[in-house]
There are 2 protein chains.
Amino acid sequence: MSVNSAQTEPLRIGVVLFSAFEALDAFGPLNCINDLSWTENLSLALLSATLDPVTTRSPFSPGATGQSVVPTHTFTAPPPLDVLIVPGGQGTRVSSPEIDGVIAFIRDVYPQLKYLITVCNGSGLVARTGLLDGKRATTNKKAWHETIALGPKVDWVPRARWVTDGNIWTSSGVSAGIDVTLAWIGHVYGDEKAQIIADGLEHTRHEDSTVDPFADLYGL
Amino acid sequence: MSVNSAQTEPLRIGVVLFSAFEALDAFGPLNCINDLSWTENLSLALLSATLDPVTTRSPFSPGATGQSVVPTHTFTAPPPLDVLIVPGGQGTRVSSPEIDGVIAFIRDVYPQLKYLITVCNGSGLVARTGLLDGKRATTNKKAWHETIALGPKVDWVPRARWVTDGNIWTSSGVSAGIDVTLAWIGHVYGDEKAQIIADGLEHTRHEDSTVDPFADLYGL
């Protein structure tokens, strides 16, 4: 598959969910995928440790608000997947059996994937699998230093809205997930499709992956 | 409350959910609210007809993907609310008892609200309550004509990222929900707070409510 060659095979997409994932990290890409599914043959799985609803609530602020999303599959019984999307969020900053399970799932499923896409410090979870070692990648710019410490062998790119290396697409913080997903849709289905979806979202795209005002803002 | 005067009282925020709401219409604002809750005293209710998870899946495309979100309250047993956020989506385009219930809830709760905020064609639901009659408002630009037909007595503003009239804030399509929420946060808590949240989201704000590239795109 390459730029402007339409994707004709059905794509099987998965998104991992874990406690205190960042809502927009997941739902920016998911809204693009929902819109894509109106015209393209897709399946979607929301994968988590159990089938219990997964909260976005931060564990670090006692009064934090959150929302709960219902998974469709567990990590122990996943459907076949072509694409995996990994959001970030404050939940990535804890050490827990749940997060260990997310990391193990990413490591185990990667060999079957056509594409692995991360948003925000979701790349920190992938870095902890070793899959990014020797590869170029980016992550959230505000949480830059703590995230890159998770992957000392990764070639971290500080000035990038998103980075592709092989079949791994990593993006910058939160709303960059929308731009990397649109870029990925453009790559697989052609840019006209990506632009139609962006226009439907009334989203002003970051179309150049190397332009990154937030690298400047956070002094990177 | 006015620009740059900090909000000190706890604010009680509600978001209405209904079948085939647009994911990002809700989760753009919700991510801003979640981030705001790290430092401000807020409560959040997700309100729906029942406590069953609510799907974003479009009823108009057989293979459409969707996600399910868990409500916290029903329309018949709501908590006290100061702010109500109304997303849009394809679900607003159907006539159903569920949508009639959403419209009735908005009408009934409005007198107790300090602010009513809509995203995308969520303003069409509010228009059907009559609450926008004689007021300035905007909506999704791609679905402009079908939405404004729902409120023939509304002073619809075609070129606007968002519009405020009294305590009703209406925004344009999907991603405009992030911008109107940030503008509202700026109004209530001061713009520094809004900008910190925007920067954390790595979101390039539309800060001028009258600049609207999508009005041009859709020939309005």
Side-chain angles (χ1 to χ4, degrees), chain A residues 10 13 15 22-28 30-44 46 53 55-58 60-61 63-72 90 120 140-143 161 171-176 178 198-204 206 212-214 217-218, chain B residues 10 13 15 22-28 30-44 46 53 55-58 60-61 63-72 90 120 140-143 161 171-176 178 198-204 206 212-214 217-218:
Chain A
I13 302 174
V15 178
E22 184 88 1
L24 191 52
D25 285 16
F27 280 100
L30 282 168
N31 205 119
C32 297
I33 289 180
N34 290 345
D35 292 359
L36 183 67
S37 75
W38 298 345
T39 58
E40 306 299 327
N41 192 357
L42 305 177
S43 67
L44 176 68
L46 302 181
T55 183
T56 67
R57 183 173 287 114
S58 167
F60 301 117
S61 304
T65 60
Q67 301 77 47
S68 291
V69 180
V70 184
T72 62
Q90 299 211 352
C120 198
N140 182 293
K141 299 306 151 48
K142 187 176 181 184
R161 188 70 172 169
S171 65
S172 193
V174 195
S175 71
I178 300 171
D199 289 342
L201 299 178
E202 298 190 26
H203 171 69
T204 303
H206 292 250
D212 180 10
F214 299 96
L217 181 72
Y218 291 109
Chain B
I13 302 174
V15 178
E22 184 87 359
L24 191 52
D25 285 16
F27 280 98
L30 281 168
N31 206 118
C32 298
I33 304 273
N34 290 346
D35 293 359
L36 184 67
S37 75
W38 300 345
T39 58
E40 305 299 328
N41 192 357
L42 305 176
S43 67
L44 177 68
L46 302 181
T55 183
T56 66
R57 183 171 288 115
S58 167
F60 300 117
S61 303
T65 60
Q67 300 77 47
S68 290
V69 180
V70 183
T72 62
Q90 298 211 351
C120 198
N140 183 294
K141 299 305 152 53
K142 187 175 180 184
R161 188 70 173 169
S171 65
S172 192
V174 196
S175 70
I178 300 172
D199 290 341
L201 300 177
E202 298 190 27
H203 171 69
T204 303
H206 291 251
D212 181 9
F214 299 97
L217 181 72
Y218 291 110

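The chains referred to below are lettered A, B, ... by the order of the sequence lines, with proteins before strands, and numbering in each begins at 1.
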Give, for atom CZ of B/R161 and atom OG1 of A/T204, the distance between the pair rounded to the nearest 0.5 Å.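 Interatomic distance, B/R161 CZ to A/T204 OG1, rounded to 0.5 Å: 6.0 Å.
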
Say you draw a straight line from CD of B/E40 to OG1 of A/T65; how long is it, rounded to the nearest 0.5 Å?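 Taking CD in B/E40 and OG1 in A/T65, the distance rounds to 12.0 Å.
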
Most contacts with chain B, counted as non-hydrogen pairs under 4.5 angstrom, among [options]:
options: A/L42, A/T72, A/D199, A/L44; result: A/D199
options: A/V69, A/L30, A/L36; result: A/L30
options: A/D25, A/V15, A/N34; result: A/N34

Name the region of [X], side chain, backbone, both or neither, that has any atom closer than 4.5 Å to a heavy atom of chain B.
X: A/S37; answer: both
X: A/I13; answer: neither
X: A/F60; answer: neither

Contact winner vs chain A - [options], heavy-atom pairs under 4.5 Å:
options: B/K141, B/H203, B/Q90, B/Q67; value: B/Q67
options: B/P213, B/P71, B/A176, B/S172; value: B/S172
options: B/A26, B/A64, B/G173; value: B/G173
options: B/T55, B/T56, B/L201; value: B/L201

Over all atoms of both residues, closest heavy-atom pair of [X] and [Y]:
X: A/N31; Y: B/L24; answer: OD1-N, 2.7 Å
X: B/G200; Y: A/Y218; answer: N-OH, 3.6 Å
X: B/E202; Y: A/K142; answer: OE2-N, 4.0 Å

Give the intermediate values and the outcome of side-chain contact (heavy atoms from CB on, under 4.5 Å) for residues A/E22 and B/D35. CA-CA 10 Å; A/E22 184 88 1; B/D35 293 359; 3.6 Å; yes

Which atoms of B/S68 come close to chain A, meaning under 4.5 Å heavy atom to heavy atom: side chain ones, backbone ones, both, or neither?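 Both parts, heavy atoms under 4.5 Å.
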
Select one option (side chain, backbone, both, neither) describing which atoms of B/I33 are under 4.5 Å from chain A's heavy atoms. both

